[in-house]
Enquirer: 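Handing you this structure, nothing more for now.
Values reported hereafter were calculated over all heavy atoms of this structure, with side chains retained and with hydrogens, waters and symmetry mates removed.
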Amino acid sequence: MSHFGKNGNVERNHAVKFEVKEHGELLPFLLQQMNNRSRNSIKSMLTRGQVKVDDHIETKHNYPLLPGQIVSVLKNKAAIQENTFIGLNILYEDEAIIIINKDAGLLSMATEKEKRRTAYHQLMDHVKRENPRNRVFIVHRLDKETSGVMMFAKSEKVKRKLQENWKILVKERTYVALVEGKVKQTEGTIKSRLKESKTHKMYSIQDGDGQLAITHYRRVQANSLFSLLEVKLDTGRKNQIRVHMSDLGHPIVGDKKYGAKSNDIGRLGLHAKVLSFLHPVTGQLMLFRADVPKSFLVKSK
(Lines give C-alpha, C1' and ligand atoms only; values in the text may rest on other atoms or scores of the structure.)
Protein backbone atom coordinates (compact mmCIF):
# COMPACT_ATOMS: atom_id res chain seq x y z
CA MET A 1 0.00 0.00 0.00
CA SER A 2 1.27 3.47 -0.84
CA HIS A 3 2.26 5.86 1.91
CA PHE A 4 1.40 8.73 -0.44
CA GLY A 5 -2.36 8.35 -0.77
CA LYS A 6 -4.91 6.37 -2.74
CA ASN A 7 -4.29 7.86 -6.18
CA GLY A 8 -0.70 6.67 -6.56
CA ASN A 9 0.65 3.30 -7.64
CA VAL A 10 3.90 2.09 -6.08
CA GLU A 11 6.36 0.45 -8.47
CA ARG A 12 8.99 -2.13 -7.62
CA ASN A 13 11.70 0.51 -8.00
CA HIS A 14 10.42 2.27 -4.85
CA ALA A 15 8.57 4.95 -6.83
CA VAL A 16 4.95 6.01 -6.60
CA LYS A 17 3.13 7.38 -9.65
CA PHE A 18 0.30 9.91 -9.96
CA GLU A 19 -1.63 10.76 -13.11
CA VAL A 20 -2.30 14.45 -13.73
CA LYS A 21 -6.02 15.10 -14.25
CA GLU A 22 -6.03 18.85 -14.82
CA HIS A 23 -3.74 21.80 -15.53
CA GLY A 24 -1.68 23.00 -12.58
CA GLU A 25 1.79 23.38 -11.09
CA LEU A 26 4.03 20.64 -9.72
CA LEU A 27 4.38 21.64 -6.05
CA PRO A 28 0.64 22.25 -5.43
CA PHE A 29 -0.11 18.96 -7.24
CA LEU A 30 2.29 17.03 -4.98
CA LEU A 31 0.91 18.72 -1.88
CA GLN A 32 -2.56 17.60 -2.88
CA GLN A 33 -1.55 14.03 -3.71
CA MET A 34 0.81 13.56 -0.76
CA ASN A 35 -1.33 15.21 1.89
CA ASN A 36 0.46 13.42 4.74
CA ARG A 37 3.74 15.16 3.83
CA SER A 38 4.76 18.67 4.86
CA ARG A 39 5.46 21.40 2.32
CA ASN A 40 9.14 21.44 3.32
CA SER A 41 9.39 17.67 2.94
CA ILE A 42 8.04 17.81 -0.61
CA LYS A 43 10.31 20.75 -1.47
CA SER A 44 13.28 18.66 -0.29
CA MET A 45 12.19 15.78 -2.52
CA LEU A 46 12.14 18.15 -5.48
CA THR A 47 15.57 19.54 -4.61
CA ARG A 48 17.06 16.04 -4.29
CA GLY A 49 15.78 15.09 -7.73
CA GLN A 50 13.32 12.49 -6.45
CA VAL A 51 10.47 13.73 -8.68
CA LYS A 52 10.00 12.88 -12.36
CA VAL A 53 7.42 14.23 -14.80
CA ASP A 54 6.93 11.62 -17.53
CA ASP A 55 10.51 10.76 -18.48
CA HIS A 56 12.59 13.54 -16.94
CA ILE A 57 13.66 14.72 -13.49
CA GLU A 58 11.97 17.96 -12.53
CA THR A 59 13.05 20.23 -9.65
CA LYS A 60 11.05 23.41 -10.41
CA HIS A 61 8.24 24.02 -7.92
CA ASN A 62 6.13 25.88 -10.48
CA TYR A 63 6.65 23.44 -13.36
CA PRO A 64 3.39 23.48 -15.38
CA LEU A 65 1.55 20.16 -15.53
CA LEU A 66 -0.76 18.98 -18.29
CA PRO A 67 -3.58 16.42 -18.10
CA GLY A 68 -2.33 12.91 -18.90
CA GLN A 69 1.21 13.44 -17.61
CA ILE A 70 2.61 11.01 -15.02
CA VAL A 71 4.40 12.32 -11.93
CA SER A 72 6.68 9.77 -10.22
CA VAL A 73 8.15 10.20 -6.75
CA LEU A 74 10.81 8.07 -5.09
CA LYS A 75 9.05 6.47 -2.16
CA ASN A 76 11.25 7.68 0.72
CA LYS A 77 14.77 8.39 1.94
CA ALA A 78 15.22 4.75 2.86
CA ALA A 79 14.89 3.84 -0.79
CA ILE A 80 17.98 5.93 -1.56
CA GLN A 81 19.92 4.18 1.17
CA GLU A 82 18.85 0.80 -0.24
CA ASN A 83 20.78 1.34 -3.49
CA THR A 84 17.94 2.96 -5.41
CA PHE A 85 19.35 5.37 -7.98
CA ILE A 86 17.83 8.75 -8.71
CA GLY A 87 17.60 9.59 -12.40
CA LEU A 88 19.38 6.52 -13.77
CA ASN A 89 19.22 2.76 -14.01
CA ILE A 90 21.99 0.29 -14.75
CA LEU A 91 21.57 -1.60 -18.03
CA TYR A 92 24.73 -3.70 -17.67
CA GLU A 93 27.71 -4.09 -15.33
CA ASP A 94 30.80 -6.28 -15.25
CA GLU A 95 34.34 -6.02 -13.88
CA ALA A 96 35.35 -3.42 -16.49
CA ILE A 97 32.37 -1.22 -17.38
CA ILE A 98 28.96 0.05 -16.31
CA ILE A 99 26.28 1.01 -18.86
CA ILE A 100 23.41 3.21 -17.67
CA ASN A 101 20.25 4.79 -18.98
CA LYS A 102 20.37 8.40 -17.74
CA ASP A 103 17.28 10.55 -17.28
CA ALA A 104 17.05 14.08 -18.60
CA GLY A 105 17.79 16.48 -15.74
CA LEU A 106 20.63 14.45 -14.20
CA LEU A 107 24.20 15.72 -14.52
CA SER A 108 26.76 13.24 -15.82
CA MET A 109 29.44 14.66 -13.52
CA ALA A 110 29.87 17.34 -10.87
CA THR A 111 29.83 21.08 -11.50
CA GLU A 112 30.73 23.96 -9.22
CA LYS A 113 27.09 24.22 -8.15
CA GLU A 114 26.22 20.51 -7.90
CA LYS A 115 28.60 17.89 -6.53
CA ARG A 116 26.45 15.01 -5.36
CA ARG A 117 23.31 14.63 -7.49
CA THR A 118 25.17 13.27 -10.51
CA ALA A 119 25.42 9.95 -12.33
CA TYR A 120 29.13 9.79 -11.47
CA HIS A 121 28.63 10.31 -7.73
CA GLN A 122 25.82 7.73 -7.49
CA LEU A 123 27.82 5.11 -9.39
CA MET A 124 30.89 5.83 -7.26
CA ASP A 125 28.80 5.13 -4.15
CA HIS A 126 27.43 2.00 -5.82
CA VAL A 127 30.82 0.38 -6.55
CA LYS A 128 32.28 1.40 -3.19
CA ARG A 129 29.60 -0.57 -1.35
CA GLU A 130 31.31 -3.74 -2.60
CA ASN A 131 34.83 -2.47 -1.92
CA PRO A 132 35.76 1.00 -0.59
CA ARG A 133 38.72 1.08 -3.00
CA ASN A 134 36.54 0.65 -6.09
CA ARG A 135 36.07 3.61 -8.41
CA VAL A 136 34.32 4.63 -11.62
CA PHE A 137 35.70 6.80 -14.43
CA ILE A 138 33.86 8.95 -16.94
CA VAL A 139 34.45 7.83 -20.52
CA HIS A 140 32.11 10.25 -22.33
CA ARG A 141 29.36 12.66 -21.32
CA LEU A 142 25.75 13.45 -22.00
CA ASP A 143 24.42 16.96 -21.44
CA LYS A 144 22.33 17.34 -18.29
CA GLU A 145 19.11 17.64 -20.29
CA THR A 146 19.95 14.75 -22.66
CA SER A 147 18.75 11.28 -21.69
CA GLY A 148 19.85 7.83 -22.76
CA VAL A 149 22.70 5.33 -22.89
CA MET A 150 26.00 6.26 -21.26
CA MET A 151 29.14 4.27 -20.38
CA PHE A 152 31.50 4.41 -17.39
CA ALA A 153 34.77 2.53 -16.85
CA LYS A 154 35.72 0.83 -13.60
CA SER A 155 39.48 1.38 -13.92
CA GLU A 156 41.85 4.04 -15.23
CA LYS A 157 43.28 1.47 -17.68
CA VAL A 158 39.88 0.70 -19.22
CA LYS A 159 39.00 4.39 -19.38
CA ARG A 160 42.21 5.17 -21.29
CA LYS A 161 41.70 2.27 -23.68
CA LEU A 162 38.16 3.38 -24.48
CA GLN A 163 39.04 7.05 -24.93
CA GLU A 164 42.22 6.48 -26.95
CA ASN A 165 40.53 3.94 -29.25
CA TRP A 166 37.02 5.44 -29.27
CA LYS A 167 36.68 5.62 -33.07
CA ILE A 168 37.83 2.02 -33.43
CA LEU A 169 35.89 0.47 -30.54
CA VAL A 170 32.58 2.35 -30.89
CA LYS A 171 30.56 0.94 -33.76
CA GLU A 172 27.32 2.91 -33.40
CA ARG A 173 26.07 5.97 -31.53
CA THR A 174 22.48 6.74 -32.44
CA TYR A 175 20.41 9.56 -31.00
CA VAL A 176 16.85 10.68 -31.56
CA ALA A 177 16.12 14.40 -31.75
CA LEU A 178 12.71 16.04 -31.62
CA VAL A 179 13.10 19.27 -33.58
CA GLU A 180 10.90 22.23 -34.42
CA GLY A 181 9.15 22.33 -37.80
CA LYS A 182 8.87 19.80 -40.59
CA VAL A 183 12.28 18.79 -41.95
CA LYS A 184 11.81 18.59 -45.72
CA GLN A 185 14.65 16.24 -46.59
CA THR A 186 14.12 12.64 -45.51
CA GLU A 187 17.84 12.32 -44.79
CA GLY A 188 21.02 14.35 -44.96
CA THR A 189 24.47 15.11 -43.59
CA ILE A 190 25.69 18.26 -41.86
CA LYS A 191 29.41 18.99 -41.80
CA SER A 192 31.13 21.97 -40.21
CA ARG A 193 33.87 22.97 -37.80
CA LEU A 194 32.78 23.84 -34.27
CA LYS A 195 34.23 26.56 -32.08
CA GLU A 196 33.28 27.77 -28.61
CA SER A 197 32.46 31.39 -27.84
CA LYS A 198 33.52 33.26 -24.70
CA THR A 199 30.03 32.59 -23.33
CA HIS A 200 30.57 28.81 -23.80
CA LYS A 201 28.18 28.55 -26.73
CA MET A 202 29.29 26.37 -29.64
CA TYR A 203 28.92 27.61 -33.20
CA SER A 204 29.72 26.42 -36.72
CA ILE A 205 32.31 27.72 -39.14
CA GLN A 206 33.05 26.25 -42.57
CA ASP A 207 36.75 27.05 -42.64
CA GLY A 208 39.31 27.63 -39.94
CA ASP A 209 40.71 25.94 -36.88
CA GLY A 210 37.52 24.60 -35.32
CA GLN A 211 36.93 20.89 -34.57
CA LEU A 212 35.50 18.91 -37.48
CA ALA A 213 31.92 17.75 -36.76
CA ILE A 214 29.87 15.42 -38.99
CA THR A 215 26.23 14.58 -38.26
CA HIS A 216 23.95 12.29 -40.29
CA TYR A 217 20.18 12.46 -39.86
CA ARG A 218 17.09 10.57 -41.07
CA ARG A 219 13.51 11.74 -40.65
CA VAL A 220 11.43 9.15 -38.77
CA GLN A 221 8.18 11.04 -38.13
CA ALA A 222 6.96 14.53 -38.93
CA ASN A 223 3.98 16.85 -38.96
CA SER A 224 3.69 20.57 -39.64
CA LEU A 225 5.03 21.48 -36.18
CA PHE A 226 7.68 18.90 -35.29
CA SER A 227 10.00 16.26 -36.75
CA LEU A 228 11.51 13.24 -35.04
CA LEU A 229 14.98 12.52 -36.43
CA GLU A 230 17.34 9.61 -35.99
CA VAL A 231 20.83 11.07 -35.71
CA LYS A 232 24.20 9.32 -36.08
CA LEU A 233 27.57 10.87 -35.33
CA ASP A 234 30.91 10.47 -37.08
CA THR A 235 32.40 12.77 -34.44
CA GLY A 236 31.46 13.55 -30.85
CA ARG A 237 31.92 17.27 -30.30
CA LYS A 238 30.41 19.33 -27.50
CA ASN A 239 26.76 20.22 -28.30
CA GLN A 240 27.30 18.89 -31.85
CA ILE A 241 23.74 17.73 -32.52
CA ARG A 242 22.25 20.84 -30.93
CA VAL A 243 24.37 23.16 -33.10
CA HIS A 244 23.80 21.19 -36.30
CA MET A 245 20.03 21.03 -35.85
CA SER A 246 20.05 24.80 -35.35
CA ASP A 247 22.19 25.14 -38.51
CA LEU A 248 19.59 23.05 -40.33
CA GLY A 249 16.94 25.59 -39.34
CA HIS A 250 15.20 23.13 -37.04
CA PRO A 251 16.47 23.60 -33.47
CA ILE A 252 15.82 20.87 -30.92
CA VAL A 253 12.62 21.34 -28.95
CA GLY A 254 13.36 22.99 -25.60
CA ASP A 255 16.83 24.14 -26.70
CA LYS A 256 16.46 27.88 -26.11
CA LYS A 257 20.26 28.28 -26.13
CA TYR A 258 20.36 27.28 -29.80
CA GLY A 259 17.22 29.01 -31.02
CA ALA A 260 14.24 26.88 -30.01
CA LYS A 261 10.97 28.75 -29.52
CA SER A 262 8.92 25.87 -28.09
CA ASN A 263 9.13 23.46 -25.19
CA ASP A 264 6.03 21.32 -25.49
CA ILE A 265 7.66 18.33 -23.76
CA GLY A 266 9.16 20.20 -20.80
CA ARG A 267 12.73 19.06 -21.52
CA LEU A 268 15.39 19.02 -24.22
CA GLY A 269 14.26 16.83 -27.11
CA LEU A 270 17.49 14.82 -27.36
CA HIS A 271 17.98 11.16 -26.37
CA ALA A 272 20.91 8.74 -26.78
CA LYS A 273 19.09 5.70 -28.12
CA VAL A 274 21.84 3.22 -29.07
CA LEU A 275 25.45 2.63 -28.04
CA SER A 276 27.29 -0.28 -29.66
CA PHE A 277 30.98 -1.01 -29.09
CA LEU A 278 33.64 -3.69 -28.81
CA HIS A 279 34.18 -4.56 -25.16
CA PRO A 280 37.52 -3.05 -24.07
CA VAL A 281 38.63 -6.28 -22.36
CA THR A 282 36.91 -9.20 -24.10
CA GLY A 283 36.55 -7.69 -27.59
CA GLN A 284 32.93 -8.86 -27.70
CA LEU A 285 30.47 -6.70 -29.65
CA MET A 286 28.03 -5.09 -27.20
CA LEU A 287 24.83 -3.20 -28.02
CA PHE A 288 22.60 -1.28 -25.62
CA ARG A 289 19.35 0.57 -26.27
CA ALA A 290 17.26 3.04 -24.29
CA ASP A 291 13.65 3.36 -25.46
CA VAL A 292 12.65 6.61 -27.13
CA PRO A 293 10.71 8.75 -24.61
CA LYS A 294 6.99 8.64 -25.35
CA SER A 295 6.81 12.45 -25.27
CA PHE A 296 9.04 12.53 -28.38
CA LEU A 297 6.56 10.68 -30.61
CA VAL A 298 5.09 12.97 -33.25
CA LYS A 299 1.33 12.87 -33.78
CA SER A 300 -0.19 13.34 -37.22
CA LYS A 301 -1.67 16.78 -37.78
Enquirer: What heavy-atom pair brings Pro293 and Ser147 nearest, and what distance separates the two atoms?
Expert: CG-OG, 4.3 Å

Enquirer: Is Asp94 salt-bridged to Lys154, cutoff N-O under 4.0 Å?
Expert: no

Enquirer: Give a yes-or-no answer on whether the side chains of Glu145 and His56 include a donor-acceptor pair shorter than 3.5 Å.
Expert: no

Enquirer: Show me the donor-acceptor pairs, under 3.5 Å and distance only, between side chains in residues 130-142 and residues at least two apart or in other chains.
Expert:
| unit_1 | atom_1 | unit_2 | atom_2 | d |
| --- | --- | --- | --- | --- |
| Asn131 | OD1 | Arg133 | N | 2.9 |
| Asn134 | ND2 | Val127 | O | 3.1 |
| His140 | NE2 | Met151 | N | 2.9 |

Enquirer: Could you tell me whether Lys191 atom NZ has more than 12 heavy atoms of other residues or ligands within 6.0 Å of it?
Expert: no

Enquirer: Is it true that a side-chain atom of Ser262 and a backbone atom of Asp264 form a donor plus acceptor pair closer than 3.5 Å?
Expert: no

Enquirer: Membership question, hydrophobic clusters at under 4.5 Å side-chain separation (ILVMFWY): are Tyr63 and Leu46 in the same one?
Expert: yes

Enquirer: Do Leu66 and Ile265 sit in one hydrophobic cluster, given that two such residues count as connected whenever their side-chain heavy atoms are within less than 4.5 Å of each other, even indirectly?
Expert: no

Enquirer: Mind checking what makes side chain to side chain donor-acceptor pair (under 3.5 Å) contact with Gln240, not counting sequence neighbours?
Expert: Thr215, Thr235

Enquirer: So, using ring pair (Phe, Tyr, Trp, His ring centres under 6.0 Å) as the criterion, who are the partners of Tyr258 when residues are at least two apart?
Expert: none

Enquirer: Would you compute the distance between atom OH of Tyr203 and atom CG of Asn239 and round it to the nearest 0.5 angstrom?
Expert: 14.0 Å

Enquirer: Taking everything shown except Arg193 itself, do over 12 heavy atoms lie less than 6.0 Å from its CZ?
Expert: yes

Enquirer: Will you find, in the side chains of His244 and Ser192, an N or O donor that is under 3.5 Å from an N or O acceptor?
Expert: yes

Enquirer: Are Val170 and Leu275 side-chain neighbours, meaning at least one heavy-atom pair lies under 4.5 Å?
Expert: yes

Enquirer: Kindly determine whether Arg242 and Asp143 satisfy salt bridge (charged side-chain N to carboxylate O under 4.0 Å, His left out), including the steps that lead there.
Expert: CA-CA 10 Å; Arg242 297 168 65 181; Asp143 292 340; 3.0 Å; yes

Enquirer: Please answer whether the main-chain N or O of Leu27 pairs with a side-chain N or O of Lys43 as donor and acceptor at a distance below 3.5 Å.
Expert: no

Enquirer: I'd like to check Lys17 versus Val71 (side-chain heavy atoms, cut-off strictly below 4.5 Å). Are they in contact?
Expert: no

Enquirer: For the side chain of Lys102 and the backbone of Thr146, is there at least one donor-acceptor N/O pair under 3.5 Å apart?
Expert: yes

Enquirer: Does the distance from a Lys or Arg side-chain N to an Asp or Glu carboxylate O, for Lys273 and Asp291, drop under 4.0 Å?
Expert: no

Enquirer: Output a table of donor-acceptor pairs, distance under 3.5 Å, between side-chain atoms of residues 181-189 and any protein atom two or more places apart or on a different chain; print 'none' if there are none.
Expert:
| unit_1 | atom_1 | unit_2 | atom_2 | d |
| --- | --- | --- | --- | --- |
| Gln185 | OE1 | Tyr217 | OH | 3.4 |
| Thr189 | OG1 | His216 | ND1 | 2.7 |

Enquirer: Do Lys52 and Asp103 sit within salt-bridge range, that is, some charged N less than 4.0 Å from a carboxylate O?
Expert: yes

Enquirer: Distance from Thr59 atom OG1 to Met45 atom CE, nearest 0.5 Å?
Expert: 15.0 Å

Enquirer: So, are Lys21 and Glu19 salt-bridged, with charged N and O less than 4.0 Å apart?
Expert: yes

Enquirer: Just jot down the ring pair (Phe, Tyr, Trp, His ring centres under 6.0 Å) partners of Tyr92, sequence neighbours excluded, or say none.
Expert: Phe288

Enquirer: Please report the interatomic distance CD1(Ile100) to CG(Leu91), rounded to the nearest 0.5 Å.
Expert: 8.0 Å

Enquirer: Measure from the ring center of Phe29 to the ring center of His61 and say whether it is less than 6.0 Å.
Expert: no

Enquirer: Determine whether the side chains of Asp247 and Ser204 contain a donor N or O and an acceptor N or O closer than 3.5 Å.
Expert: yes

Enquirer: In sequence, state the C-alpha distance, the side-chain angles, and the governing distance for Leu225 and Glu180, and then conclude on side-chain contact (heavy atoms from CB on, under 4.5 Å).
Expert: CA-CA 6 Å; Leu225 299 177; Glu180 295 183 340; over 6 Å; no

Enquirer: Given side-chain contact (heavy atoms from CB on, under 4.5 Å), test Ile214 with Leu233 step by step and report yes or no.
Expert: CA-CA 6 Å; Ile214 302 173; Leu233 304 178; over 6 Å; no

Enquirer: Heavy atoms, side chains only, cut-off 4.5 Å: are Met286 and Ser276 in contact?
Expert: no

Enquirer: Consider only side-chain heavy atoms of I, L, V, M, F, W and Y, link residues closer than 4.5 Å, and tell whether Ile90 and Leu287 are in one cluster.
Expert: no

Enquirer: Let me check something: do Leu278 and Val158 share a hydrophobic cluster, defined by ILVMFWY side-chain heavy atoms less than 4.5 Å apart, either directly or through other members?
Expert: yes

Enquirer: Just verifying a value: how many Å separate Met245 CE and Leu270 CG, rounded to the nearest 0.5 Å?
Expert: 9.0 Å

Enquirer: When rounded to the nearest 0.5 angstrom, what distance separates CD1 in Ile190 from CG in Asp234?
Expert: 12.0 Å

Enquirer: Under the side-chain contact (heavy atoms from CB on, under 4.5 Å) rule, what do Val231 and Val176 come out as? Steps first, then yes or no, please.
Expert: CA-CA 6 Å; Val231 180; Val176 287; over 6 Å; no

Enquirer: With a 3.5 Å distance limit and no angle check, can you tell me whether Asp54 reaches the backbone of Ile70 through a side-chain donor-acceptor pair?
Expert: yes

Enquirer: Which heavy atom of Thr118 sits nearest a heavy atom of Ser108, and at what distance?
Expert: CB-O, 4.1 Å

Enquirer: For residues Leu178 and Ile252, determine if any side-chain heavy atom of one lies less than 4.5 Å from a side-chain heavy atom of the other.
Expert: no

Enquirer: Enumerate the side chain to side chain donor-acceptor pair (under 3.5 Å) contacts for residues 157-172, please, sequence neighbours excluded, ordered by first and then second residue.
Expert: Glu172-Thr174

Enquirer: Can you get from Ile98 to Val274 by hopping between Ile, Leu, Val, Met, Phe, Trp and Tyr side chains that sit under 4.5 Å apart?
Expert: no

Enquirer: Just how far is it from atom CE of Met150 to atom CG of Leu88, taken to the nearest 0.5 Å?
Expert: 10.0 Å

Enquirer: So, the side chain of Asn263 versus the backbone of Arg267: is there a donor-acceptor pair under 3.5 Å, distance only?
Expert: yes

Enquirer: Evaluate the side-chain proximity of Ile97 to His279: yes if any heavy-atom separation is below 4.5 Å, no if none is.
Expert: yes

Enquirer: Does Lys232 reach the side chain of Glu230, with side-chain heavy atoms less than 4.5 Å apart?
Expert: yes

Enquirer: Is the closest side-chain heavy-atom distance between Glu196 and Met202 below 4.5 Å?
Expert: yes

Enquirer: Can a donor-acceptor pair be found, under 3.5 Å and without considering hydrogens, that links the side chain of Arg237 to the backbone of Leu212?
Expert: yes

Enquirer: So Val16 and Gln33, do their side chains get closer than 4.5 Å, heavy atoms only?
Expert: no

